[in-house]
Amino acid sequence: MAVRNLSSGATVKDSILKEIPSAEVDVMELDLTSMASVRKFASEFNSLNLPLNILINNAGVMATPFSLSQDGIELQFATNHVGHFLLTYLLLDNMKNASRTSRIEGRIVNVSSEGHRFAYSEGIRFDKINDQSGYNGIGAYGQSKLANILHANELAKCFKEEKVEIIANSLHPGSIITNLLRYHSFIDVIARTLGKLVLKNVQQGAATTCYVALHPQVKEVSGRYFCDSNLAEPSSKAKDVDLAKKLWDFSVDLVS
């Protein structure tokens, strides 16, 4: 488990071991808002010489007030996309080697959101990523979640061209009762009270992620978007192959 807060990670590890005593769980520090932290984590993980079969890019912040990451990138785009992009990039050789030697299909899962439909009208504001004057919390969140889908799609395309046995997909986990709305106290209170009647709990919210990461029915299915453990159709911008390639090149420049 790659976690920002090691104390919280240790608590989760303990709860897993109580439920499944035979589980082998390691907790390592990773702050996706910092490229230095991502590089440090990837270096430490790769030095363990452990095969990586499944990578779930699950971290996220939502509709935050405008701020910049440690690397000077708008926080939501930095956390939800750039951190995951760099992490995936640094772990790809491991995943490719693991799939070749084990002959088991590798899987990359990007946890996106139906919120990708609320991205800015142009989709990704390449020239205005850090523009505070035109910043909108929901639009920026949608932009970062759109980036998650485009990233998975471009990965899928690359794997197909390289004939690598790894699939990459994205998904909407559903509306879940978590602390994602902590920057909007009034909405957060409503979500935690009335929301219990209509929102998914954490276990239900994890179901689609687990399905895409593990289920045999997803074998060889790549570059697709899932919702409620079924294939779903994302927005037209999320299916734009030119936008996906432009985002890839833009992201490579950001992390270089």
Side-chain angles (χ1 to χ4, degrees), residues 2 4 30-42 55-92 108-158 168-173 180-184 223 225 234-256:
R4 185 179 58 173
L30 171 63
D31 182 355
L32 286 163
T33 67
S34 164
M35 291 191 212
S37 177
V38 174
R39 293 184 189 281
K40 181 174 182 288
F41 169 85
L55 173 63
I56 299 174
N57 291 318
N58 180 64
V61 292
M62 178 181 179
T64 61
F66 180 85
S67 63
L68 299 178
S69 71
Q70 296 179 38
D71 301 293
I73 303 169
E74 187 276 310
L75 186 64
Q76 295 191 81
F77 193 74
T79 308
N80 299 352
H81 170 63
V82 178
H84 288 130
F85 180 89
L86 178 59
L87 176 66
T88 303
Y89 183 77
L90 295 174
L91 297 178
L92 271 184
I108 296 175
V109 182
N110 282 0
V111 179
S112 178
S113 167
E114 278 292 278
H116 81 273
R117 302 182 192 277
F118 302 110
Y120 297 118
S121 59
E122 59 267 55
I124 308 292
R125 288 185 162 179
F126 295 105
D127 299 326
K128 300 178 181 178
I129 287 294
N130 296 337
D131 181 11
Q132 184 173 2
S133 63
Y135 180 79
N136 175 279
I138 297 299
Y141 176 71
Q143 172 179 249
S144 69
K145 295 286 101 180
L146 173 62
N148 292 154
I149 302 175
L150 294 170
H151 176 214
N153 292 353
E154 189 66 15
L155 280 169
K157 177 186 169 187
C158 292
N169 292 292
S170 55
L171 62 91
H172 169 58
L180 197 60
L181 288 166
R182 60 188 177 275
Y183 295 100
H184 303 268
Y225 178 70
S235 69
S236 58
K237 279 197 167 51
K239 295 184 284 188
D240 187 328
V241 294
D242 293 329
L243 186 61
K245 181 61 169 67
K246 185 175 181 180
L247 174 66
W248 182 279
D249 294 339
F250 180 75
S251 303
V252 168
D253 287 341
L254 277 180
V255 303
S256 295

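This is a predicted model, so every value here is computed, not measured.
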note = Value for CG (L247) from CG (N153), rounded to nearest 0.5 Å, stands at 10.5 Å
key: V255 vs M35 side-chain heavy atoms within contact, under 4.5 Å   = yes
ask   = Between S144 and N80, do the side chains contain an N or O donor and an N or O acceptor separated by less than 3.5 Å?
value = yes
ask   = Can you check whether H116 and Y225 have ring centres sitting under 6.0 Å from each other?
value = yes
note = Result for side chain to side chain contact (heavy atoms under 4.5 Å, CB included) between S112 and one of L146, N148, L171, N57 points to N148
message = One pair to check against side-chain contact (heavy atoms from CB on, under 4.5 Å): I129 and F250. What are the steps and the verdict?
response = CA-CA 11 Å; I129 287 294; F250 180 75; 3.7 Å; yes
task = Just jot down the ring-ring contact (aromatic ring centres under 6.0 Å, His included) partners of Y120, sequence neighbours excluded, or say none.
result = none
message = In the structure I gave you, are the side-chain heavy atoms of L55 and V109 within less than 4.5 Å of one another anywhere?
response = no
ask   = For the atom pair CD1 (I108) and CG (N169), what is the distance rounded to the nearest 0.5 Å?
value = 10.0 Å
request  = Any chance you could lay out the side-chain contact (heavy atoms from CB on, under 4.5 Å) test for H172 and V111, step after step, and finish with the verdict?
outcome  = CA-CA 6 Å; H172 169 58; V111 179; over 6 Å; no
message = How long is the straight-line distance from NE2 of H81 back to CD1 of I124, given to the nearest 0.5 Å?
response = 7.5 Å
key: Spacing of S34 atom OG and Q70 atom CD [to the nearest 0.5 Å]   = 4.0 Å
Exam field: side chain E74 to backbone F66, donor-acceptor pair closer than 3.5 Å = no
ask   = Do any N or O atoms from the side chain of N130 and from the backbone of G72 form a donor-acceptor pair under 3.5 angstrom?
value = yes
request  = Please name the pair of heavy atoms, one in D240 and one in D242, separated by the smallest distance, quoted to 0.1 Å.
outcome  = OD1-N, 3.0 Å
key: L32 side chain near L86 side chain, heavy-atom distance below 4.5 Å   = no
ask   = Relative to each other, are the rings of H151 and F85 parallel, tilted or perpendicular (30° and 60° limits)?
value = tilted
Gap separating the CD atom of Q143 from the CG atom of N136, nearest 0.5 angstrom = 10.5 Å
request  = Calculate, to the nearest 0.5 Å, the distance between atoms CG and CD1 belonging to L68 and I73 respectively.
outcome  = 9.0 Å
ask   = In this structure, are over 12 heavy atoms from other groups packed under 6.0 Å from Y89 atom OH?
value = no
key: Other residues, nucleotides, ligands: >12 heavy atoms within 6.0 Å of D127 CG   = no
query = salt bridge (charged side-chain N to carboxylate O under 4.0 Å, His left out): which pairs involve residues 111-123, sequence neighbours left out?
reply = E114-R117, E122-R125
query = Under 3.5 Å, side chain of S37 to main-chain N/O of D31, donor-acceptor pair present?
reply = yes
key: Steps toward side-chain contact (heavy atoms from CB on, under 4.5 Å) verdict (L90, T88)   = CA-CA 5 Å; L90 295 174; T88 303; over 6 Å; no
inquiry  = The criterion is salt bridge (charged side-chain N to carboxylate O under 4.0 Å, His left out); which residues satisfy it with D71, sequence neighbours excluded?
reply    = none
task = Identify, with sequence neighbours excluded, every residue that meets salt bridge (charged side-chain N to carboxylate O under 4.0 Å, His left out) alongside K128.
result = none
task = Using the side-chain contact (heavy atoms from CB on, under 4.5 Å) rule, take S113 and Y141 through it: C-alpha gap first, then chi angles, then the decisive distance, then the call.
result = CA-CA 9 Å; S113 167; Y141 176 71; 3.6 Å; yes
inquiry  = Using the ring-ring contact (aromatic ring centres under 6.0 Å, His included) criterion, which residues pair with H84? Sequence neighbours excluded.
reply    = none
Residue list, salt bridge (charged side-chain N to carboxylate O under 4.0 Å, His left out) with K246, at least two apart or on another chain = none
ask   = Is atom NZ of K239 surrounded by more than 12 heavy atoms (other residues, nucleotides or ligands) closer than 6.0 Å?
value = yes
